[in-house]
Protein chains: 2
Amino acid sequence: MKFEKLKKELMNRNINLSYHRMKILEYLDKNRCHPTVDQIFTDIQKTIPTLSKTTVYNTLKKLVEEDLVRVINIEDNETRYDINTEEHGHFKCETCKTIFDFEIKLESIPNDGLDNFKVFDRHVYFKGICPGCLRV
Amino acid sequence: MKFEKLKKELMNRNINLSYHRMKILEYLDKNRCHPTVDQIFTDIQKTIPTLSKTTVYNTLKKLVEEDLVRVINIEDNETRYDINTEEHGHFKCETCKTIFDFEIKLESIPNDGLDNFKVFDRHVYFKGICPGCLRV
DNA sequence: TACAAGTTTGTAATAATTACATTATACTAT
DNA sequence: ATAGTATAATGTAATTATTACAAACTTGTA
């Protein structure tokens with residue numbers, strides 16, 4: 001989703017677009033590398049020195065509740081956030097640690113065992129080595 | 001994998017099957033509910049009061065390195081462990097919090113975008129509501 | 001202008017995990 | 001059997017991520 005559209009989405013839902021919230025949203029929009037809370041906090045703090053980490057947590061929590069941001073849990077010790085809520089999988093390179101997005105048709109996954117389950121949320125992540133690191 | 005086979009696997013790899021390690025392995029074999037470190041520790045401590053949590057962490061780390069146990073990261077705050085290393089997906093019920101296994105053919109997932117990637121590890125997890133909780 | 005609701009901050013508390021030094025156990029060669 | 005070595009287990013302390021909460025600040029509105 002584009003930044004302008006995201007802003008509108010928030011306004012539609014009566015969510016106040018305060019300065020901090022906007023900067024966090026803008027950051028997520030520009031840095032689609034699935035940043036951690038710490039990365040978001042550290043980077044934005046450079047321009048807004050009074051930003052507090054709690055605000056980052058609060059804002060992300062809000063955005064996740066509103067389905068504008070997705071949580072990614074690949075590694076145990078780092079929760080990452082993704083503003084791309086469209087259907088896609090994640091690939092984490094174990095060498096350079098980069099997380100790549102890849103297209104995936106989740107509804108094409110056969111899941112006979114889940115006939116009577118109501119499924120809200122589908123996550124797929126792979127691990128391995130990316131082409132760049134393989135070449136070295 | 002059966003418990004006896006797991007033991008043999010460890011011995012093949014020259015991994016000392018100490019009493020604690022064996023108890024942890026046995027626990028994972030009997031409790032295929034994807035327990036957290038804390039659950040494992042708390043339960044086994046009832047029979048081995050001198051067990052330390054560090055030992056649980058150490059043992060699990062070893063087992064994961066040897067590919068006898070898999071790490072499951074669904075929620076940000078709880079790392080779970082699964083002795084079932086055969087290909088399967090996980091479904092977490094958001095109501096009762098139970099994690100179900102389901103069959104999945106991971107190689108059937110189309111992933112055109114990953115042509116030049118080397119993939120080691122494929123994880124799939126869904127969230128939603130299980131039949132039992134839906135019925136209520 | 002003043003109130004109420006919502007936002008941000010800062011500090012403290014909690015919880016999971018890791019680091020590390022020490023002790024215990026088991027294995028090997030003499 | 002015994003000394004020596006490597007591995008395993010323990011306990012404590014440190015680190016890190018996250019949450020709880022109270023206080024201060026903003027903003028919109030009556």
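All values reported here derive from a predicted model rather than from experimental measurement. Lettering follows sequence order; numbering is per chain, from 1. All values below come from the heavy atoms of this structure, side chains included, with hydrogens, waters and symmetry mates left out.
Residues B/Phe100 and B/Cys130 approach most closely at CE1-CB, 3.5 Å, considering heavy atoms.
For the pair B/Lys61 NZ and D/dA9 C1', the interatomic distance rounds to 15 Å; values are reported in whole Å. What separates CD1 of B/Ile48 from C1' of D/dT10 is a distance of 13 Å, to the nearest Å. If you measure from atom CG of A/Asn58 to atom P of D/dA22, you get 15 Å, rounded to the nearest angstrom. D/dT15 atom C1' lies 16 Å from atom CD of A/Glu78, rounded to whole Å. Atom P of nucleotide C/dA16 and atom CD1 of B/Ile72 are separated by 17 Å, given to the nearest angstrom. Rounded to whole Å, atom P of D/dA8 lies 15 Å from atom CZ of B/Arg13. Between the CZ atom of B/Phe41 and the P atom of C/dT18 there is a distance of 16 Å, rounded to whole Å. The separation between B/Met11 atom CE and C/dC27 atom P is 12 Å, rounded to whole Å.
In this structure, the nucleotide among D/dA9, C/dT7, C/dT9 sitting nearest to the side chain of A/Thr54 is C/dT9. If you check D/dA8, C/dT7, D/dT18 against the side chain of B/Lys62, the one that comes closest is D/dA8.
In terms of position on DNA chain C, the residue among A/Thr50 and B/Tyr57 whose nearest nucleotide sits closer to the 5' end is A/Thr50. Judged by closest nucleotide on DNA chain D, B/Ser18 is the one of B/Ser18 and A/Thr79 placed further toward the 5' end. Nearer the 5' end of DNA chain D, as judged by each residue's closest nucleotide, is the contact made by B/Thr55, out of B/Asp76 and B/Thr55.
Close to C/dG6, at under 4.0 Å from its OP1 or OP2, lies no side-chain N or O of A/Arg21. The shortest distance between the side-chain N/O atoms of A/His20 and the OP1/OP2 oxygens of C/dT9 is below 4.0 Å.
Taking CZ of A/Arg70 as the start and CG of A/Asp121 as the end, the distance is 5.0 Å to the nearest 0.5 Å. Here the CG-CD distance, from B/Asp29 to B/Glu26, works out to 8.0 Å after rounding to the nearest 0.5 Å. In this structure, NE2 on A/His34 lies 3.5 Å from NE2 on A/His90, to the nearest 0.5 angstrom.
Taking the six-membered ring for Trp, A/Phe126 and B/Phe117 have ring centres at least 6.0 Å apart.
Among the atoms of the strands shown, only primed sugar atoms or phosphate atoms (P, OP1, OP2) are found under 4.0 Å from some heavy atom of B/Asn77.
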